[in-house]
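What follows is a set of notes on a single structure, which appears directly below.
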Number of protein chains: 2
Amino acid sequence: MKVRVLVCLKNGVLDPQGQTVRHALHVLGYQQVKDVRQGKVFEIELEGVDKDMAFKLIPEIADKVLANPIIETFSWEILE
Amino acid sequence: MKVRVLVCLKNGVLDPQGQTVRHALHVLGYQQVKDVRQGKVFEIELEGVDKDMAFKLIPEIADKVLANPIIETFSWEILE
(Lines give C-alpha, C1' and ligand atoms only; values in the text may rest on other atoms or scores of the structure.)
Protein backbone atom coordinates (compact mmCIF):
# COMPACT_ATOMS: atom_id res chain seq x y z
CA MET A 1 0.00 0.00 0.00
CA LYS A 2 1.21 3.47 -0.84
CA VAL A 3 0.19 6.55 1.14
CA ARG A 4 0.94 10.24 0.79
CA VAL A 5 1.37 12.43 3.86
CA LEU A 6 1.33 16.23 3.51
CA VAL A 7 2.93 18.24 6.31
CA CYS A 8 2.24 21.98 6.35
CA LEU A 9 2.98 24.76 8.79
CA LYS A 10 0.00 25.80 10.89
CA ASN A 11 -1.67 29.08 10.02
CA GLY A 12 0.12 31.92 11.74
CA VAL A 13 3.49 30.19 11.81
CA LEU A 14 6.03 32.19 9.82
CA ASP A 15 7.15 30.47 6.63
CA PRO A 16 10.45 32.00 5.43
CA GLN A 17 10.84 29.41 2.65
CA GLY A 18 7.41 30.22 1.26
CA GLN A 19 8.10 33.96 1.49
CA THR A 20 11.37 33.51 -0.38
CA VAL A 21 9.58 31.64 -3.17
CA ARG A 22 6.89 34.32 -3.31
CA HIS A 23 9.55 37.02 -3.54
CA ALA A 24 11.38 35.16 -6.31
CA LEU A 25 8.13 34.82 -8.27
CA HIS A 26 7.37 38.53 -7.88
CA VAL A 27 10.87 39.43 -9.10
CA LEU A 28 10.22 37.25 -12.16
CA GLY A 29 7.00 39.17 -12.83
CA TYR A 30 4.40 36.78 -11.40
CA GLN A 31 2.47 39.42 -9.48
CA GLN A 32 -0.63 37.18 -9.50
CA VAL A 33 0.99 35.12 -6.74
CA LYS A 34 -0.44 36.50 -3.52
CA ASP A 35 0.93 33.99 -1.05
CA VAL A 36 3.06 30.83 -0.98
CA ARG A 37 3.26 28.32 1.87
CA GLN A 38 5.82 25.55 1.63
CA GLY A 39 5.54 22.17 3.26
CA LYS A 40 6.76 18.61 2.96
CA VAL A 41 5.29 15.60 1.25
CA PHE A 42 6.14 12.00 2.09
CA GLU A 43 5.24 9.07 -0.15
CA ILE A 44 5.37 5.97 1.99
CA GLU A 45 5.34 2.39 0.77
CA LEU A 46 3.86 0.03 3.38
CA GLU A 47 4.09 -3.76 3.42
CA GLY A 48 1.55 -6.07 5.04
CA VAL A 49 -0.68 -3.20 6.12
CA ASP A 50 -4.41 -3.04 5.40
CA LYS A 51 -6.58 0.05 5.36
CA ASP A 52 -7.64 -0.24 9.02
CA MET A 53 -4.04 -0.62 10.16
CA ALA A 54 -2.99 2.35 8.02
CA PHE A 55 -5.61 4.54 9.74
CA LYS A 56 -3.89 3.79 13.05
CA LEU A 57 -0.29 3.69 11.81
CA ILE A 58 -0.01 6.78 9.64
CA PRO A 59 -1.24 9.38 12.19
CA GLU A 60 1.13 7.78 14.73
CA ILE A 61 4.10 7.99 12.38
CA ALA A 62 3.18 11.52 11.31
CA ASP A 63 2.94 12.75 14.89
CA LYS A 64 6.15 11.07 16.00
CA VAL A 65 8.48 11.55 13.05
CA LEU A 66 7.12 13.34 10.00
CA ALA A 67 5.60 16.45 11.56
CA ASN A 68 6.31 18.68 14.53
CA PRO A 69 2.82 18.90 16.05
CA ILE A 70 3.65 22.20 17.77
CA ILE A 71 3.95 24.12 14.52
CA GLU A 72 2.81 21.72 11.79
CA THR A 73 -0.32 19.88 10.76
CA PHE A 74 -0.58 16.86 8.51
CA SER A 75 -3.10 15.28 6.22
CA TRP A 76 -2.82 11.99 4.41
CA GLU A 77 -4.43 9.83 1.76
CA ILE A 78 -4.08 6.33 0.38
CA LEU A 79 -2.65 6.36 -3.13
CA GLU A 80 -2.88 2.67 -4.03
CA MET B 1 -7.73 30.74 -6.38
CA LYS B 2 -5.63 28.35 -4.38
CA VAL B 3 -3.49 25.65 -5.95
CA ARG B 4 -1.29 22.93 -4.55
CA VAL B 5 1.92 21.90 -6.31
CA LEU B 6 3.70 18.69 -5.34
CA VAL B 7 7.38 18.39 -6.26
CA CYS B 8 8.95 14.93 -5.97
CA LEU B 9 12.29 13.49 -6.96
CA LYS B 10 12.20 11.44 -10.15
CA ASN B 11 12.39 7.68 -9.80
CA GLY B 12 16.00 6.59 -9.61
CA VAL B 13 17.22 9.82 -8.03
CA LEU B 14 18.72 9.14 -4.61
CA ASP B 15 16.65 10.55 -1.74
CA PRO B 16 18.80 10.80 1.40
CA GLN B 17 16.07 12.63 3.36
CA GLY B 18 13.56 9.88 2.62
CA GLN B 19 16.10 7.21 3.52
CA THR B 20 16.80 8.94 6.83
CA VAL B 21 13.10 9.02 7.66
CA ARG B 22 12.74 5.34 6.71
CA HIS B 23 15.70 4.48 8.93
CA ALA B 24 14.25 6.46 11.85
CA LEU B 25 10.92 4.66 11.46
CA HIS B 26 12.65 1.25 11.41
CA VAL B 27 14.58 2.13 14.58
CA LEU B 28 11.24 3.02 16.20
CA GLY B 29 9.88 -0.41 15.24
CA TYR B 30 7.81 0.47 12.16
CA GLN B 31 9.12 -2.36 10.00
CA GLN B 32 6.01 -2.16 7.80
CA VAL B 33 7.52 0.92 6.16
CA LYS B 34 9.22 -0.37 3.03
CA ASP B 35 10.19 2.89 1.40
CA VAL B 36 9.89 6.64 1.98
CA ARG B 37 10.33 9.37 -0.63
CA GLN B 38 10.32 12.97 0.52
CA GLY B 39 9.30 15.93 -1.59
CA LYS B 40 8.00 19.47 -1.32
CA VAL B 41 4.51 20.86 -1.37
CA PHE B 42 3.62 24.46 -2.23
CA GLU B 43 0.22 25.97 -1.53
CA ILE B 44 -0.10 29.01 -3.73
CA GLU B 45 -2.72 31.74 -3.47
CA LEU B 46 -3.38 33.39 -6.83
CA GLU B 47 -5.20 36.65 -7.46
CA GLY B 48 -7.08 37.52 -10.64
CA VAL B 49 -6.30 34.17 -12.26
CA ASP B 50 -8.95 31.95 -13.83
CA LYS B 51 -8.70 28.23 -14.48
CA ASP B 52 -7.38 28.62 -18.02
CA MET B 53 -4.68 31.05 -16.91
CA ALA B 54 -3.72 28.74 -14.04
CA PHE B 55 -3.18 25.87 -16.50
CA LYS B 56 -0.59 28.02 -18.29
CA LEU B 57 0.86 29.76 -15.22
CA ILE B 58 1.42 26.93 -12.75
CA PRO B 59 3.48 24.62 -14.98
CA GLU B 60 5.60 27.66 -15.95
CA ILE B 61 6.20 28.62 -12.31
CA ALA B 62 6.86 25.03 -11.33
CA ASP B 63 9.44 24.55 -14.09
CA LYS B 64 11.21 27.85 -13.43
CA VAL B 65 11.18 28.13 -9.64
CA LEU B 66 9.53 25.34 -7.68
CA ALA B 67 11.13 22.26 -9.21
CA ASN B 68 14.46 21.36 -10.73
CA PRO B 69 13.28 19.61 -13.92
CA ILE B 70 16.55 17.65 -14.18
CA ILE B 71 15.87 15.62 -11.07
CA GLU B 72 12.30 16.48 -10.01
CA THR B 73 8.81 16.14 -11.38
CA PHE B 74 5.75 18.07 -10.31
CA SER B 75 2.01 17.63 -10.24
CA TRP B 76 -0.60 20.16 -9.26
CA GLU B 77 -4.27 20.60 -8.51
CA ILE B 78 -6.71 23.41 -7.88
CA LEU B 79 -7.85 23.48 -4.25
CA GLU B 80 -10.45 26.24 -4.38
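First the proteins, then the strands, lettered A, B, ... as listed; each starts at 1.
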| message | Restricting to side chain to side chain contact (heavy atoms under 4.5 Å, CB included), what partner residues turn up for A:L79, sequence neighbours left out? | response | A:K2, A:R4, A:E43, A:E77
| remark: Interface check, chain B: of A:Q31, A:E60, A:Q17, A:R22, most non-hydrogen pairs under 4.5 Å belong to A:E60
| Once you round to the nearest 0.5 Å, how far does CD1 of B:I44 lie from CG of A:L25? | 6.5 Å
| said: Let's test your reading of the structure: which of A:L46, A:D15, A:V49 forms the most heavy-atom pairs below 4.5 Å with chain B? | reply: A:L46
| Hydrophobic cluster identity match, B:I71 and B:L14, side-chain contacts under 4.5 Å | no
Output a table of donor-acceptor pairs, distance under 3.5 Å, between side-chain atoms of residues 32-42 of chain A and any protein atom two or more places apart or on a different chain; print 'none' if there are none.
from, atom 1, to, atom 2, distance (Å)
A:D35, OD1, A:Q19, NE2, 3.4
A:R37, NH1, A:V13, O, 3.0
A:R37, NH2, A:K10, O, 2.9
A:R37, NH2, A:V13, O, 3.0
A:K40, NZ, A:L66, O, 3.4

| said: With a 4.5 angstrom heavy-atom cut-off, is it the side chain or the backbone of A:V7 that approaches chain B, or both, or neither? | reply: backbone
| query | How many angstroms lie between CD1 in A:I61 and CG in B:L28, if you round to the nearest 0.5 Å? | reply | 9.0 Å
| said: Counting only heavy atoms not in B:N11 (residues, nucleotides, ligands), do more than 12 fall under 6.0 Å from its CG? | reply: no
| query | Considering residues, nucleotides and ligands other than B:E72, do more than 12 of their heavy atoms fall under 6.0 Å from its CD? | reply | yes
